[in-house]
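Computed from a prediction, not measured in an experiment: that's the story for all the values here.
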Amino acid sequence: MSPFRAFVRLIRFRPWLYTADVLAWSAIMLTELGAGYVAKLFFDSITGDAAAGFTLASIIALAVGAGLARIVSILVGALVDIRHRFSMRVLLQRNLLAAVLAKPGARALPGPVGEALNTVRDDVQTVEDLLSWLIDQFSFIPYSLAALAILVSIDARVTLIVVLPLVLVLIGARAVSKRVRRFREANRTATERVTGAIGEAMDGVQAIQLAGAEEHVVRHIEALNRVRLRAAVRDRLLSQSFHSFFWNAATLCTGLILLAAADGLRSGSFTVGDFALFVTYVGVLTEVIAAFGDFLIHFQQAKVSVDRMAALVGGTRADVVAHHPIYLTGSLPEVTNSPVAQGPLVRLTIEDMSVRSAGGHGFTLENVSFSVAQGEFVVVTGRIGSGKSTLLRDVLGLLPIERGRILWNGQVVA
């Protein structure tokens, strides 16, 4: 499953909710058309170019009505978007946690705990943001078409001059998106190495102290952190540079309107109200283009995040976005636990137990047999790395046993 199909499958998890979110934010964007038209009427009334029947009082009333409509539409849109965002986040985190809990306890995570927490928190947030920003892209379509139609009807030449730089911004965003993904992957990889090294150091702190290798370990982590710093700065700098470029295009477009419409303003064919309308609509169109540029960058970053989530669950992208009930409302389902009737310990017996290493190459423990009776005090000794912790994990059922069996009072423990 491609990343794009994975995102589509997430949208299909709550299609009615996603559709409501798109419609709500489309309505919010369309209220921007009313704001621009009110601005045109206001300035035309000051210069005496207003259409018949529009007085200053009626224009003010129209502005108040448009403002109230926008407030209500934003409130509705925010409530729907919050519900949609929460649904996507809960589904992704549910799938990640379910996959982790289904694995053997001692091998539940492919890397350090800190790395897994970053994936469950940050990568889920990245994908959640992408789906929400995609709603913005859908809502921009009706506004952009209506605004361009109105601008062309007023002055097609000025519209063409103003829109051309916005198209160039889109081309630039497309060209840089692949590099953004490479920088994000490098940043994530460098971060994983740092958290992995810290986790390994914490797990093997006794071995490090016995070997007197504290300074070496600290220098190693510092070196990894310097690499992470460079990767993080490159990732952040590229994203923020293009973000700034996209969002400052409005200033350039306003200047182009002034230059292109100078003759019309002088002759009266292009009114002050028309200028106000152009500035309002083009300002929003610039935000639309800038948001689309940010979206392209974020799309590349989200592809990295969904692959990291698939690595965490040890599966595919389809496993990450699989549909399951999430129980946000109503009663929770009944949970039934199968009783384990093993009885009090009389004797614990291990027969010919063999366990493979985490990498699957050779056996960490092989042909281990012993018996422990009630009341006995048993000590397991051995050098560091000889398999003491692995032995206890096997007995507790935290690792899968390749061969042999465990008996509790003579009964096999599955």
Side-chain angles (χ1 to χ4, degrees), residues 1-11 13 85 88-100 109-137 170 172-199 224-246 290-322:
M1 175 181 288
S2 66
F4 178 78
R5 291 183 62 187
F7 300 143
V8 171
R9 183 163 177 79
L10 277 177
I11 293 174
F13 176 61
R85 273 179 169 268
M88 298 298 101
R89 171 181 287 269
V90 170
L91 176 66
L92 290 173
Q93 292 181 336
R94 179 261 172 220
N95 290 345
L96 295 179
L97 294 176
V100 168
L109 301 177
V113 175
E115 177 187 334
L117 290 176
N118 288 337
T119 298
V120 174
R121 180 189 61 201
D122 298 338
D123 289 310
V124 168
Q125 179 71 50
T126 299
V127 174
E128 174 193 330
D129 287 341
L130 176 76
L131 296 177
S132 183
W133 292 6
L134 183 59
I135 291 172
D136 295 337
Q137 308 311 309
L170 279 178
R174 178 62 179 173
V176 78
S177 61
K178 291 184 179 180
R179 179 166 295 183
V180 168
R181 181 178 183 179
R182 290 199 300 270
F183 283 9
R184 174 52 58 94
E185 288 175 343
N187 185 16
R188 294 292 193 187
T189 300
T191 301
E192 289 175 4
R193 289 174 179 170
V194 173
T195 56
I198 293 175
L224 292 177
N225 219 10
R226 286 193 293 270
V227 174
R228 175 182 176 272
L229 176 62
R230 289 193 294 269
V233 169
R234 287 199 308 170
D235 181 23
R236 189 69 173 171
L237 181 61
L238 182 62
S239 299
Q240 290 301 311
S241 296
F242 277 89
H243 176 84
S244 177
F245 173 72
F246 297 150
F292 184 69
D294 285 347
F295 174 78
L296 291 179
I297 292 175
H298 200 78
F299 180 74
Q300 298 298 330
Q301 295 171 342
K303 290 198 289 187
V304 175
S305 293
V306 76
D307 287 339
R308 282 170 51 84
M309 286 189 279
L312 175 62
V313 303
T316 64
R317 301 184 185 109
D319 299 322
V320 174
V321 299

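- Atom-to-atom distance recorded for Leu96:CG and Arg121:CZ is 13.5 Å, nearest 0.5 angstrom.
- No side-chain heavy atom of Leu117 sits under 4.5 Å from any side-chain heavy atom of Asp122.
- Residue Asp123 holds its CG atom at 10.0 Å from CG of Asp307, rounded to the nearest 0.5 Å.
- For the pair Ala310 and Arg317, the tightest heavy-atom approach, listed with the atom from each and the gap, is CB-N, 4.0 Å.
- Across all their heavy atoms, Ala6 and Val321 have their closest contact at O-CG1, 3.7 Å.
- Looking only at side-chain heavy atoms (C-beta outward), Asp319 and Asn95 stay at 4.5 Å or farther from each other.
- No side-chain heavy atom of Trp133 sits under 4.5 Å from any side-chain heavy atom of Phe299.
- Two residues are said to be in side-chain contact when any heavy atoms from C-beta on lie closer than 4.5 Å; Arg85 and Asp129 meet this criterion.
- At a threshold of 4.5 Å between non-hydrogen side-chain atoms, the residues Val227 and Val194 do not count as touching.
- Within the model, atoms CG of Leu97 and CG of Leu92 stand 11.0 Å from one another, a figure rounded to the nearest 0.5 Å.
- To the nearest 0.5 Å, the span separating CD on Glu128 from CZ on Arg89 amounts to 4.5 Å.
- Minimum interatomic distance between Leu131 and Phe7 (heavy atoms only, all atoms of both residues): CD2-O, 3.9 Å.
- Atom CD of residue Gln125 and atom OG of residue Ser132 lie 9.5 Å apart, to the nearest 0.5 angstrom.
- Not one N or O on the side chain of Gln93 forms a donor-acceptor pair closer than 3.5 Å with the backbone of Val124.
- Within the 4.5 Å cutoff, the side chain of Lys303 has no heavy atoms near those of the Phe4 side chain.
- Scanning all heavy atoms of the two residues, the minimum distance from Ala190 to Arg228 falls at CB-CA, 3.5 Å.
- Using a 4.5 Å heavy-atom threshold, the side chains of Leu134 and Ile11 count as touching.
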task: Take Thr126 and Leu130 through the side-chain contact (heavy atoms from CB on, under 4.5 Å) test and state the conclusion after the steps.
output: CA-CA 6 Å; Thr126 299; Leu130 176 76; 5.9 Å; no
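- In this structure the side chain of Val127 reaches within 4.5 angstrom of the side chain of Met309, judged on heavy atoms.
- We find the CZ-CG distance between Arg230 and Leu237 to be 15.0 Å, quoted to the nearest 0.5 Å.
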